[in-house]
Amino acid sequence: MDYKTLGLDPDQEKAATYPGSALVVAGPGAGKTRVLLARVLWLLDQGVPPEKIFLLTFTLRTRAELRNRIKTLGSPDPRIETFHALAYSLLAEASDQPPRLLSEEESLAFFKRLLKKDKSRLSPKRLLEFRGRERPEYQAFFQEYERYLEATHSYDYYRLLAVFKGKRGTFKDYHLLIDEYQDLSPEIIEFLKFFKGATFFLVGDPAQAIYGFRRADPQKLKPHLQTLSPDLKILFLSKSYRVPSRILEIAERWREDPFEIRHNLAASVEGGWVEGYAFSSEQSEAVGLAKEVSRLVGGTTLEKGQVRSYAPGDLLVLARLRQLLKPLKEAFLKEGLPLAEPEEEAQSRLQEIQKRLEGGLSRPRLTEDLQKIWPEASQFLDLEEEKEILLARLKLLRAPDLLKVSREGVNLLTIHGAKGLEAPVVILAGAEEGLLPFNLLPDSDLSEEKRLLYVALTRAKEGVVWSWAKRRFLFGRPLPGRVSRWLASLPFREPKRPRPKPAQQGLF
DNA sequence: GTGTATGATTTTTTT
DNA sequence: AATCATACAC
């Protein structure tokens with residue numbers, strides 16, 4: 001099928017058909033997925049065989065989405081993989097038997113034993129965070145861990161990529177298409193160097209890099225990526241088809257541009273609305289937003305006089321910290337609103353899958369059980385695959401792969417959880433100093449916090465409600481009680497506190 | 001083993 | 001503020 005049937009705009013077409021290695025800056029709603037698909041079609045059109053096209057994603061969810069869309073277009077399948085799954089299958093192809101993969105829980109269990117023996121105060125989780133970093137004081141632990149991995153021919157998530165370090169294959173005439181490059185960790189970039197000679201096509205948005213704590217550093221990203229291909233051409237998609245102008249204007253003020261190229265995203269949709277509220281406390285914020293949500297769901301009048309009523313599932317309620325969602329949830333329930341917590345649901349589903357798999361099931365039972373717990377499993381995994389390989393792939397499964405936003409309930413999420421999603425209305429709670437930017441703990445990264453705000457605002461297709469509380473306690477200490485520095489220039493309303501009901505004057 | 005006091009920790013977590 | 005791990009007494 002011809003890529004032209006996708007109806008690309010000039011920027012998108014220029015990117016999709018760029019003959020060499022390219023890095024495409026694709027802002028929110030600018031057509032990132034469309035460009036990736038078009039690139040695949042264009043390459044096939046140019047006579048590149050499908051097995052020489054690698055489409056790489058972070059999550060199985062994105063992988064499944066892309067694969068479905070390619071199927072719908074009726075084109076032959078390129079190789080679509082997650083980074084870690086690709087590394088695993090390259091290793092499996094090169095060895096006699098499928099390598100053993102350690103889940104995070106298994107790594108932690110090993111560290112726990114190690115630390116106990118050593119009577120160390122360090123927590124296993126903390127230790128695992130230091131994996132692959134220069135920490136001489138923990139060298140001994142990691143050496144023992146490495147010895148264990150080597151002896152048992154096992155790989156954890158880190159080693160899976162690290163074994164490719166310094167190795168170079170020959171991949172001339174290959175094309176690597178990479179999704180969400182802004183979140184590439186140094187280890188993945190190092191892994192990608194294995195594909196020497198390939199043409200790289202990277203799509204993503206540095207302004208949406210929010211995984212700095214996983215060592216994805218947008219400041220160092222550009223030079224790093226340029227080592228993949230020295231003549232990497234930087235291209236832009238300049239139009240957002242999602243975020244309307246009024247919202248985009250605000251978001252763009254705070255767009256962090258680590259590539260230092262002045263470039264602003266233009267909205268293709270005029271309008272949109274933004275409403276701010278200042279509440280007196282966390283409690284009144286929760287109650288106030290519950291009322292606001294009721295109003296939006298019940299039917300509301302827009303400026304032009306027409307009535308727009310939203311389904312509960314049209315709303316994303318976002319907060320910087322998970323614990324901020326709790327009071328919101330309670331107030332929403334009291335208001336009788338249907339709600340959903342997609343991150344919690346995904347997490348518990350993942351645990352259920354992991355628990356069932358621990359018990360060493362027979363091959364037929366494995367498929368059967370899996371489909372029972374996870375009906376969509378066949379869209380994500382090849383259930384016919386050899387047992388060991390299927391198990392390894394299941395160990396690569398993470399909660400975000402199972403994330404599903406609700407259509408029936410108001411979706412309560414962290415900003416991180418909302419990445420990649422969109423909805424008619426975004427409700428951002430806790431937009432105050434201390435929380436946005438979140439700086440109550442050391443090592444807070446102001447730029448990353450700014451990008452989190454950018455991500456939150458740019459999920460919205462029609463409107464944004466944002467709010468802050470003048471009084472809130474966190475970690476047992478009061479927050480400053482000021483509006484977020486990044487939203488301070490916007491107007492906000494201060495709903496009058498509902499007067500406490502007058503005491504009853506006595507019945508008699 | 002179990003109750004209780006103490007102290008440390010507290011974020012986000014695509015593999 | 002609330003939770004969780006650890007230590008100690010019983």
Side-chain angles (χ1 to χ4, degrees), chain A residues 56-65 81-89 101-108 112 115-116 119-126 128-129 131-132 155-162 178-192 204 208-216 282 318-327 343 346-347 350 380 392-403 413-421 430 434-445 448-449 451-453 455-456 472-479:
Chain A
L56 302 182
T57 66
F58 275 90
T59 65
L60 271 182
R61 187 163 58 112
T62 318
R63 172 184 183 256
E65 268 167 34
E81 293 278 16
T82 64
F83 297 106
H84 288 76
L86 175 63
Y88 181 82
S89 47
L101 200 58
L102 246 60
S103 67
E104 195 169 292
E105 290 70 31
E106 289 167 312
S107 300
L108 287 173
K112 202 172 174 180
L115 291 165
K116 201 153 216 169
K119 294 206 161 63
S120 171
R121 286 229 165 296
L122 196 65
S123 81
K125 249 185 164 162
R126 188 59 76 74
L128 189 60
E129 271 172 38
R131 174 114 169 92
Y155 296 84
D156 68 353
Y157 301 141
Y158 178 81
R159 183 165 188 244
L160 198 52
L161 300 173
I178 289 160
D179 188 33
E180 306 272 30
Y181 62 78
Q182 75 277 5
D183 295 323
L184 291 173
S185 62
E187 294 90 65
I188 296 180
I189 294 175
E190 192 58 41
F191 166 64
L192 291 174
Q208 294 181 62
I210 56 173
Y211 287 98
F213 58 93
R214 297 185 74 97
R215 282 182 286 176
E282 181 169 79
L318 307 182
R320 176 65 181 83
L321 309 181
R322 192 171 297 283
Q323 56 177 291
L324 299 177
L325 298 174
K326 205 175 160 194
E343 288 167 296
Q347 189 60 42
L350 178 67
F380 291 79
R393 286 184 176 265
L394 283 168
K395 282 190 184 177
L396 294 174
L397 202 62
R398 301 275 93 183
D401 294 320
L402 305 169
L403 190 96
L413 291 152
T414 63
I415 300 176
H416 282 87
K419 183 163 184 237
L421 304 178
L435 288 173
L436 215 67
F438 177 71
N439 55 9
L440 299 189
L441 293 170
D443 306 324
S444 103
D445 178 344
E448 180 143 323
E449 297 295 319
R451 293 191 292 267
L452 276 160
L453 173 67
V455 168
R472 190 191 316 259
F473 290 84
L474 202 66
F475 307 153
R477 304 180 57 97
L479 294 182

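Not measured: the values here are computed from a predicted model.
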Would you classify A:Thr59 as touching base, sugar-phosphate or nothing, given that sugar-phosphate means primed atoms plus P, OP1 and OP2, and contacts are heavy atoms under 4.0 Å?
base
Interatomic distance where CD belongs to A:Glu282 and P belongs to C:dA1 [whole Å]:
13 Å
A:Leu452 CG to B:dT13 P: how many Å, rounded?
10 Å
Restricting to ring-ring contact (aromatic ring centres under 6.0 Å, His included), what partner residues turn up for A:Tyr157, sequence neighbours left out?
none
Under the ring-ring contact (aromatic ring centres under 6.0 Å, His included) test, which residues partner A:Phe191, sequence neighbours left out?
A:Phe164, A:Phe195
If you look at every strand shown and take non-hydrogen atoms under 4.0 Å, does A:Phe83 touch a base, only sugar-phosphate, or nothing?
nothing
Check for a donor-acceptor pair, side chain of A:Glu449 on one end and backbone N or O of A:Phe438 on the other, with a separation under 3.5 Å.
yes
Mind checking what makes side-chain contact (heavy atoms from CB on, under 4.5 Å) contact with A:Thr62, not counting sequence neighbours?
A:Thr57, A:Thr59, A:Leu66, A:Asp179
Output yes when a side-chain donor or acceptor of A:Arg320 lies under 3.5 Å from a complementary backbone atom of A:Leu436, and no otherwise.
no
Nearest-angstrom distance from the residue atom NZ of A:Lys326 to C1' of C:dT3:
10 Å
In whole angstroms, the gap separating P of C:dA2 from CG of A:Leu324 amounts to 15 Å
note: A:Leu128, atom CG; B:dT13, atom C1'; distance rounded to Å ~ 11 Å
Just the table, please: protein N/O against nucleotides 6-11 of chain B N/O, every pair under 3.5 Å.
from: B:dT11; atom 1: O2; to: A:Arg320; atom 2: NH2; distance (Å): 3.0

Could you tell me which residues satisfy ring-ring contact (aromatic ring centres under 6.0 Å, His included) with A:Tyr211, sequence neighbours excluded, listed by chain and number?
A:Phe213, A:His416
Closest-nucleotide mapping onto DNA chain B: is A:Phe213 or A:Leu397 further toward the 5' terminus? I mean the 5' end.
A:Phe213
Sugar-phosphate only, base, or nothing, as touched by A:Lys419 at under 4.0 Å among non-hydrogen atoms:
base
Under 4.0 angstrom, heavy atoms only, what part of the nucleic acid is A:Glu187 near: base, sugar-phosphate, or nothing?
nothing
When rounded to the nearest Å, what value does the distance between P atoms of B:dT12 and C:dT3 take?
15 Å
In this structure, how many angstroms lie between the C1' atom of B:dT12 and the CG atom of A:Leu453, rounded?
15 Å
By side-chain contact (heavy atoms from CB on, under 4.5 Å), A:Ala399 pairs with (sequence neighbours left out) A:Ala346, A:Gln347, A:Leu350
